[in-house]
Structures are given as structure tokens and as C-alpha cells.
Amino acid sequence: MGERSWTSVVDTTFRELGESSDFFLGLILNFGLIVGVVVFQWNLVEIALVYLIEVAIIQLFFFPIALFTPKPVDGRDGDMWDTDPTPRQLIGLFPPVYCRNIKFVWSKVVFNAVIVGVIIRSVASRYSLGSDLPASVGLAIAGIVLFQLSRVWRHFVAEQSYKQKSPTDPLAFVYAPLTELYLIFVYVLAPLTLVLAGIAFTIDSDLSSLPTLLVYLIPMGFIRAWIGSLDPQTDDFEVSFN
């Protein structure tokens, strides 16, 4: 009885650690942005560029997963969703893809790619690389890649769990950053900018100073970590694709 109880405690502990890992990793990634501001003297443009690259990486990793999921999309009518899908083995090392999934995600891939590409290009055009900035940005991107790969592995690859998913499951991860961006704009960027602009006008301070950037980054970090800790496949986070 004692051994069984100990096993249960260990299993519960590992499960809780797994559920909280995204939150702490999200905090670590945001701490990386703070390091970029303090050590490499990033400004808001550099921070925005790194964040947008993160959004692009999420799209790049999770959109392809939607092609391999055999379960139907809830609420979708039509013969292709009411019958068993026909798999097509395009590449030997990868799982088979499903034609109905390609049709379902294609327009979303194109739309998101255009929007994210236009925004990244617009931000990048306002920004010139310093001599040491490429290495720091590369380090930040490497951390983002590892973090997102761990999420892909844990939610879809481990034990071939993608076989029990529908295309909307990975797409929920794709659209989670949009909710995150909305929350950041409404609850951080808009109100803080108004307050700080008023302060700057009153005492003639610099909005691009280090303390000001940290005032933005700290609440942004908690929002990003919170959204990252939610499982988009549960009721904690819901996205409608109908």
C-alpha cells in the first residue's frame, strides 16, 4: 500500500511539473528579452521583431502537424468529414497526410503567412542591425525554436498522439499568439503607453529608456507565460474554426 501511494505521488508530481513547464519556460523566454534590453540595448523595435519571429516559428511548426491528424473536425458537414480519410504517404520518414486536411488548412496558411510576413517586413525595415545584435537575436531565436519543438513533441509527437487529434488541435496552437497579442495590446501596450506618454510630457523623460522598456516587458512576460501554459486543446483555451 505504501509503495503504491508513493508511486501515485511521484506520478502526480511529474504530471504537475509537465503542466507548469510551459509557464516557467515562457517566463524564461521573456527574461531573455529583458536580457536583450539590458545587455544588448534592444529597443521596442528589436523586441517586436523577436516576438514576430516567434509567431512565425509557431506557424511553421504547428501548421504541418495539422496535415497528419486523422480525426474529423467537429461541426464540419460533408462527405469528406463523415467518412474515413484517405492517407497519402508523400515522404517515407513522415506520417501520411490527408487531402481533406490540406484543403482545410490551406487558406489559413496563406492568410497567416501573408499577414505575418508583411508585419515582419514592416518592422524589419525600421531597424538596422548593430555589430553584436545578430548573435543575440540568433540566441533568442534558438531558445524559441527549442521551446516550440518541445511543445510539438509533448502534445503531438510523443507516443504518436497526433493519431488521436483533428486538424483544429494544432491550429489552436497557431492562433493562441493572436489572443496573446490582443491581451498584450489591450492590457499592457495601450494603457501603459498612455500613462507613460503623459509622464514623459510632464517631466520630459525618454520613452525608450531602460526603465520604460522593463515596465512594458514585465507584465508582457506574465501574459505570455500564462497563455503559453494553457493547453489550447482543453476548455482553458478555445478557438472556433467554423
Side-chain angles (χ1 to χ4, degrees), residues 18-34 44-45 47-66 69 73-76 101 104-120 122-123 140-141 143-156 161-162 165-194 215-242:
E19 291 174 353
S20 63
S21 62
D22 281 346
F23 179 81
F24 291 110
L25 285 173
L27 287 180
I28 290 172
L29 285 177
N30 198 73
F31 179 74
L33 293 180
I34 295 176
L44 281 176
V45 178
I47 294 170
L49 186 62
V50 171
Y51 177 72
L52 290 170
I53 290 174
E54 179 182 13
V55 173
I57 289 172
I58 291 173
Q59 313 250 331
L60 181 64
F61 287 172
F62 284 95
F63 262 128
I65 298 296
T69 53
V73 174
D74 292 339
R76 286 271 168 169
N101 294 9
F104 180 71
V105 305
W106 174 248
S107 60
K108 299 174 178 61
V109 171
V110 173
F111 179 80
N112 284 25
V114 170
I115 295 299
V116 173
V118 168
I119 296 175
I120 290 179
S122 175
V123 172
I141 293 173
I144 292 169
V145 167
L146 291 175
F147 176 47
Q148 297 303 331
L149 281 176
S150 72
R151 298 179 80 202
V152 170
W153 177 270
R154 185 165 61 255
H155 292 284
F156 297 100
S161 57
Y162 65 88
K165 309 292 186 181
S166 79
T168 57
D169 291 309
L171 291 192
F173 285 85
V174 169
Y175 285 95
L178 300 181
T179 298
E180 177 184 304
L181 185 60
Y182 170 79
L183 294 175
I184 288 174
F185 179 80
V186 171
Y187 294 104
V188 178
L189 296 181
L192 282 181
T193 300
L194 288 175
V215 168
Y216 280 106
L217 281 176
I218 292 173
M220 283 173 58
F222 279 100
I223 290 177
R224 298 182 67 221
W226 172 61
I227 291 293
S229 69
L230 298 180
D231 184 355
Q233 301 166 95
T234 69
D235 292 335
D236 290 332
F237 186 89
E238 184 176 353
V239 179
S240 176
F241 297 99
N242 294 321

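Keep in mind that this is a model prediction, so the values were computed, not measured.
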Residue pair Ala56 / Ile120: nearest heavy atoms and the distance that separates them
CB-CD1, 4.2 Å

Euclidean distance, Thr168 OG1 relative to Asn101 CG, rounded to 0.5 Å:
10.0 Å

Are Ile47 and Tyr216 side-chain neighbours, meaning at least one heavy-atom pair lies under 4.5 Å?
no

Spatial distance of atom CD1 (Ile115) from atom CG (Leu52) [nearest 0.5 Å]:
12.0 Å

Just how far is it from atom CG of Asn112 to atom CZ of Phe63, taken to the nearest 0.5 Å?
4.5 Å

Set of residues satisfying side-chain contact (heavy atoms from CB on, under 4.5 Å) with respect to Pro219, sequence neighbours excluded:
Val188, Leu192

Which atom names give the shortest non-hydrogen contact between Val105 and Ala66, and what distance separates them?
CG1-CB, 3.8 Å

Roughly how far apart are Gln59 CD and Gln148 CD, rounded to 0.5 Å?
11.0 Å

Any Ile65 side-chain heavy atom under 4.5 Å of Val152 side chain:
yes

Test your reading of the model: is there a side-chain donor-acceptor pair from Lys165 to the backbone of Ser161, 3.5 Å cut-off?
no

Within this structure, what is the CE-CG distance for the pair Met220 and Leu183, rounded to the nearest 0.5 Å?
12.0 Å

Spacing of OH belonging to Tyr51 relative to CG belonging to Leu181, to within rounding of 0.5 Å
4.5 Å

Over 60° means perpendicular and under 30° means parallel, so classify the ring planes of Phe62 and Phe173, tilted if in between.
parallel

Please identify which of these residues, Ile58, Leu149, Ile57, meets the side chain to side chain contact (heavy atoms under 4.5 Å, CB included) condition with Ile144.
Ile57

List the atom of Val186, the atom of Ala190, and the distance in Å for their closest heavy-atom pair.
O-CB, 4.3 Å

Return the set of residues passing side-chain hydrogen bond (donor to acceptor under 3.5 Å, both in side chains) with Tyr162 (not counting sequence neighbours), or none when no residue passes.
none

Kindly indicate, with the supporting measurements, whether the criterion side-chain contact (heavy atoms from CB on, under 4.5 Å) is fulfilled by Ile141 and Val50.
CA-CA 7 Å; Ile141 293 173; Val50 171; 5.6 Å; no

